[in-house]
Amino acid sequence: MDSYLLEVKNLYLTREGRVLLNNVNLSLKPGEIHVLLGLNGSGKSTLAYTLMGCAGYTPDRGEILFEGRDITPLSLSERARLGITLAWQEPARFEGIPVGKYISLGMKEPDRQRVLEALEAVALPPAQYAYRAVDKTLSGGERKRIELAAVYAMRPRLAILDEPDSGIDALSLTDIEHLIRRMAAEGSTILLITHRDELAEIGDCASLMCLGSIAFIGNPQETRRFYREHCRLHPTPLELMRMGLEQEEGQA
Ligand SMILES: Nc1ncnc2c1ncn2[C@@H]1O[C@H](COP(=O)(O)OP(=O)(O)OP(=O)(O)O)[C@@H](O)[C@H]1O
């Protein structure tokens, strides 16, 4: 029997009368890179916040298991202590502190060498960036890379990366891919959230989220194809039903 690092079972979340997560089921094996694709507004970030235990994202029903343990009742900081981390879509601003210090905030023990490695891993030359202040003179893409460096530096058990590619140019997309592979090689399990289907190729497995549900799970090529053929912003009920049928046929 497979043992999973993360198992999401029958997760539902309703906010302001809207069902944002609708019976989500997802399993990640240790060391796996799992890509979660989906259009804008399909519920990817909502799932990320719910997995992380963010305030206001307590599920109505369902379970989140981490190494077989039910972590659904745990707070964000308790989950962080288990080694779960979320790289936000909009990186947090700690105005004024040096970049190197910011990167070391989440590390169990200060390790200057690891901070420098983390900056190199996101292609930011340490000599230029380690002592520079985290402030509005950094570009959006630089902030994003610093956030990723901080996640890398802390060696998380599970890293939830919410659109690490947004605001980053095509050239540095390669750096991001490289970083994600490196994290996985060092033992982190990755849930990579994106709506750029070309990024799915770095996954061991890929899922597609649609209207708060997982509409398809397969290998990256299958999921990409399904995404390209079926996903548009407002699928009709008939299209949704067809998606369900095709997924079932694919699994039969
Ligand atoms: N706190 C909230 N209250 C009500 N609706 C919300 C709340 N948070 C998110 N939503 C809605 O839930 C839906 C899913 O949003 P979410 O941010 O999870 O989508 P997403 O797939 O991450 O989209 P994107 O790719 O644009 O980041 C959207 O329609 C959004 O407006």
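Counting begins at 1 with the first residue of the sequence. In listed order, ligands and their atoms are each counted from 1. We use all heavy atoms of the structure for the numbers below, so side chains are in, but hydrogens, waters and symmetry mates are not. No experiment lies behind these values; they were computed from the predicted model shown.
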Legend entry - Per-atom contacts of ligand 1 with Glu16, taking only distances under 4.0 Å to non-hydrogen atoms: 3 (N), 4 (C)

Inset, instruction - Flag yes if Leu138 and Ile176 sit in one hydrophobic cluster, no otherwise; membership is Ile, Leu, Val, Met, Phe, Trp, Tyr, and two members link when side-chain heavy atoms are under 4.5 Å apart. - result: yes

Legend entry - Single-linkage hydrophobic cluster, 4.5 Å side-chain cutoff, Ile97 and Val122 together: yes

Legend entry - Atoms in ligand 1 flagged as close to His195, the criterion being non-hydrogen separation under 4.0 Å: 25 (O)

Legend entry - Glu163 to ligand 1, any heavy atom closer than 4.0 Å: yes

Inset, instruction - State, with a plain yes or no, whether a side-chain heavy atom of Ser213 is found less than 4.5 Å away from one of Asn23. - result: no

Legend entry - Atoms of ligand 1 close to Arg15 [distance to a heavy atom under 4.0 angstrom, numbered from 1]: 1 (N), 3 (N), 4 (C)

Legend entry - side-chain contact (heavy atoms from CB on, under 4.5 Å) between Leu37 and Phe216, intermediate numbers included: CA-CA 10 Å; Leu37 287 174; Phe216 191 91; over 6 Å; no

Inset, instruction - Could you please spell out the steps behind the salt bridge (Lys or Arg N to Asp or Glu O under 4.0 Å) verdict for Arg69 and Glu67? - result: CA-CA 6 Å; Arg69 170 185 175 191; Glu67 293 186 309; over 6 Å; no

Legend entry - Heavy-atom nearest neighbour of atom 13 (C) of ligand 1 within options Gly41, Ser45, Gly56: Gly41

Inset, instruction - Output all residues satisfying ring-ring contact (aromatic ring centres under 6.0 Å, His included) with Tyr57, sequence neighbours left out; order by chain, then residue number. - result: Tyr49

Inset, instruction - Select the closest option to atom 7 (C) of ligand 1 among Leu13, Leu20, Asn40, judged by heavy-atom distance. - result: Leu20

Legend entry - Listed partners of Glu120 passing salt bridge (charged side-chain N to carboxylate O under 4.0 Å, His left out), at least two apart: none

Legend entry - Sub-4.0 Å heavy-atom approach of Gly43 to ligand 1: yes

Legend entry - Residue Ser42 vicinity, atoms of ligand 1 by number, heavy atom under 4.0 Å: 19 (O), 20 (P), 21 (O)

Legend entry - Contacting atoms of ligand 1, where contact means under 4.0 angstrom from a heavy atom of Lys44: 18 (O), 19 (O), 20 (P), 21 (O), 22 (O), 23 (O), 24 (P), 25 (O)

Legend entry - More than 12 heavy atoms of other groups within 6.0 Å of Arg112 CZ: no

Legend entry - Mode of Leu39 contact toward ligand 1 - side chain, backbone, both, neither (heavy atoms, under 4.0 Å): backbone

Inset, instruction - Tell me which part of Arg18 gets within contact of ligand 1: side chain, backbone, both or neither, using heavy atoms under 4.0 Å. - result: side chain

